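Computed from a prediction, not measured in an experiment: that's the story for all the values here. Counting from 1, the numbers follow the sequence of the chain as shown.
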Amino acid sequence: NPASSAYFYPEGKALEVGHVLKNPAYAETLRRIATEGPSAFYEGEIPLAIAAAAHREPNPGTLTAADISTYRTARREAICGGYRDTKICTTTPPSSGGAQIMIAGLYNELSADATTQADKIAAFVDAQRLAYADRDHFFGDPDAIDIPLNDLLNPKYLKHRATQRFAPNATPTHGDPGAFLHGDPVASLWGTDTTAEVPGTSHLSIIDGEGNAVAMTATVEGPFGSARMVGGFLLNNQMSDFAKEVSPDGKAVANAIAPGRRPRSSMSPTMLFDAAGDLLMVTGSPGGNSIPAYVSK
């Protein structure tokens, strides 16, 4: 990849300790966006350059400048749930913030009779395992599939789900909130998830002097993304967040790859509020598939 190799291996040589790596191309990209707004990124030279980089060998893709110009950001309301005397607010699918509410609710049930630190740790681990199994099975693009999110976060379902602990050497399987809450099974709609996420991502938690708060998680997916560079920045390989294989039982999976879909992400930027409604914590994490676990910890 000519642009990235020129940046990370100038004149074919690896960077040495102490080298100051400057990125004037990225500075110019940011200046254009600051001056012209989002249109600088979605129209004109930048999307043409992105498409050209995607079409290069090896493994050329089919991305076009028109694909980029017609992209629209989806704005989704945060979801919130209670945990003891706090409120957890986080991201809705296709991100995995909902797992934070599930893990907290499951832990609250599983740890109710815990008498030792070991019992509490076991309860916390099992809460994560149960929540992950449900997240993997049901989460995908909410514009493309029906996700029983309210049922998955329902305290009655979480109380029931907490009774389904698995042995340490067993592979946890998903529950069925529809069957328990409404007598209408929904789990059978989807096959076994086959998504294989790689670690990566960056997170910023910020509170300014006036109390404004931001939890922002961003990613190019795997380390260095696709390794293709345009305008001083790396292109992502976010397509790898989809399930690339059919379920062993032949059924479509919730996170199946399809035209126009957004992939499921493990991103879980989260804010906690105390009983008075005041901000208590801003958090999030990198780590690929481990993000929900890191954030819950």
From OG1 (T201) to CD1 (I291), nearest 0.5 Å | 4.0 Å
Taking atom CD1 of I103 and atom CD of Q128, what is their separation to the nearest 0.5 Å?
-> 5.0 Å
Shortest non-hydrogen contact between S266 and P292, atoms and distance | O-CD, 3.7 Å
Hey, is the main chain of G231 close enough, under 3.5 Å, to the side chain of T29 for a donor-acceptor pair?
-> yes
Under the 3.5 angstrom rule, does the side chain of S111 hit a backbone N or O of A123 as a donor-acceptor pair?
-> no
Under 3.5 Å, is there a donor-acceptor pair between the side chain of D151 and the main chain of G178?
-> no
Taking everything shown except F224 itself, do over 12 heavy atoms lie less than 6.0 Å from its CZ?
-> no
Which heavy atom in N23 sits nearest to a heavy atom in G232, and how many Å separate them?
-> ND2-O, 2.8 Å
Examine I88 and V295 and state if one hydrophobic cluster contains both, with Ile, Leu, Val, Met, Phe, Trp and Tyr joined whenever side-chain heavy atoms are less than 4.5 Å apart.
-> no
Do the non-hydrogen side-chain atoms of L279 and F273 ever get within less than 4.5 Å of each other?
-> yes
Is R76 close to P142 at the side-chain level, that is, under 4.5 Å between some pair of heavy atoms?
-> yes
So how far is it from E109 CD to D126 CG, rounded to the nearest 0.5 Å?
-> 14.0 Å
Find the distance between CD1 (I50) and NE2 (H55) and round it off to the nearest 0.5 Å.
-> 12.0 Å
Measure the spacing between CG of L235 and CE of M229 and express it to the nearest 0.5 Å.
-> 9.5 Å
Test item: R261 side-chain N/O and D141 main-chain N/O as donor-acceptor pair under 3.5 Å | no
Rounded to the nearest 0.5 Å, what separation is found between the CD1 atom of I207 and the CE atom of M271?
-> 8.0 Å
Is there a donor-acceptor pair closer than 3.5 Å between any side-chain N or O of K251 and the backbone N or O of S188?
-> yes
Side chain to side chain, S226 and M239, heavy atoms closer than 4.5 Å | no
Are the side chain of N255 and the backbone of D241 linked by a donor-acceptor contact shorter than 3.5 Å?
-> yes
Looking only at heavy atoms, which two atoms of T194 and S247 are closest? And how far apart?
-> CG2-CA, 4.1 Å
Looking only at atom types and distance, does a side-chain atom of S69 sit under 3.5 Å from a main-chain N or O of Y42, one as donor and one as acceptor?
-> no
Does V282 belong to the same Ile/Leu/Val/Met/Phe/Trp/Tyr cluster as Y294, with side-chain heavy atoms less than 4.5 Å apart forming each link?
-> no
Is the CD atom of E45 crowded by more than 12 outside heavy atoms at less than 6.0 Å?
-> no
Go through the steps to decide whether S96 and R135 satisfy the test side-chain hydrogen bond (donor to acceptor under 3.5 Å, both in side chains), and finish with yes or no.
-> CA-CA 7 Å; S96 293; R135 191 269 322 230; 2.9 Å; yes
Side-chain donor/acceptor of H174 to backbone N/O of F138, under 3.5 Å | no
Residue K120 excluded, over 12 heavy atoms near NZ under 6.0 Å = no
Only one of K244, R264, E245 passes side chain to side chain contact (heavy atoms under 4.5 Å, CB included) with T195, and that residue is R264
Hphob cluster co-occupancy, Y83 + L158, side-chain heavy atoms under 4.5 angstrom | yes
Do H203 and S205 pass the side-chain hydrogen bond (donor to acceptor under 3.5 Å, both in side chains) test, and can you show the C-alpha distance, the side-chain angles, and the key distance before you say yes or no?
-> CA-CA 7 Å; H203 179 84; S205 293; 2.8 Å; yes
Fit a plane to each ring of F41 and F233, take the angle between them on a 0 to 90° scale, and name the class: parallel (under 30°), tilted (30 to 60°) or perpendicular (over 60°).
-> tilted
Regarding E221 and S240, is there a side-chain donor-to-acceptor distance under 3.5 Å anywhere?
-> yes
Under 3.5 Å, side chain of S5 to main-chain N/O of P2, donor-acceptor pair present?
-> yes
Please indicate whether D113 has more than 12 foreign heavy atoms, meaning atoms of other residues, nucleotides or ligands, lying under 6.0 Å from its CG.
-> no
Distance-only, no hydrogens or angles: does the Y132 side chain make a donor-acceptor pair with backbone N or O of A293 under 3.5 Å?
-> yes
Counting only heavy atoms not in E210, do more than 12 fall under 6.0 Å of its CD?
-> no
Group every Ile, Leu, Val, Met, Phe, Trp and Tyr by side-chain heavy-atom contacts under 4.5 Å, then state whether Y9 and L21 land in the same group.
-> yes
Decide yes or no on side-chain hydrogen bond (donor to acceptor under 3.5 Å, both in side chains) for N108 and R84, but give the supporting numbers first.
-> CA-CA 8 Å; N108 198 43; R84 299 183 181 177; 2.8 Å; yes
Answer yes or no: does atom CG of D146 have more than 12 heavy-atom neighbours from other residues, nucleotides or ligands under 6.0 Å?
-> no
Answer with yes or no whether the hydrophobic clustering places F139 together with V186; edges join I, L, V, M, F, W, Y residues whose side-chain heavy atoms lie under 4.5 Å apart.
-> yes
How about D119: does its CG atom have over 12 heavy atoms from other parts shown lying under 6.0 Å from it?
-> yes
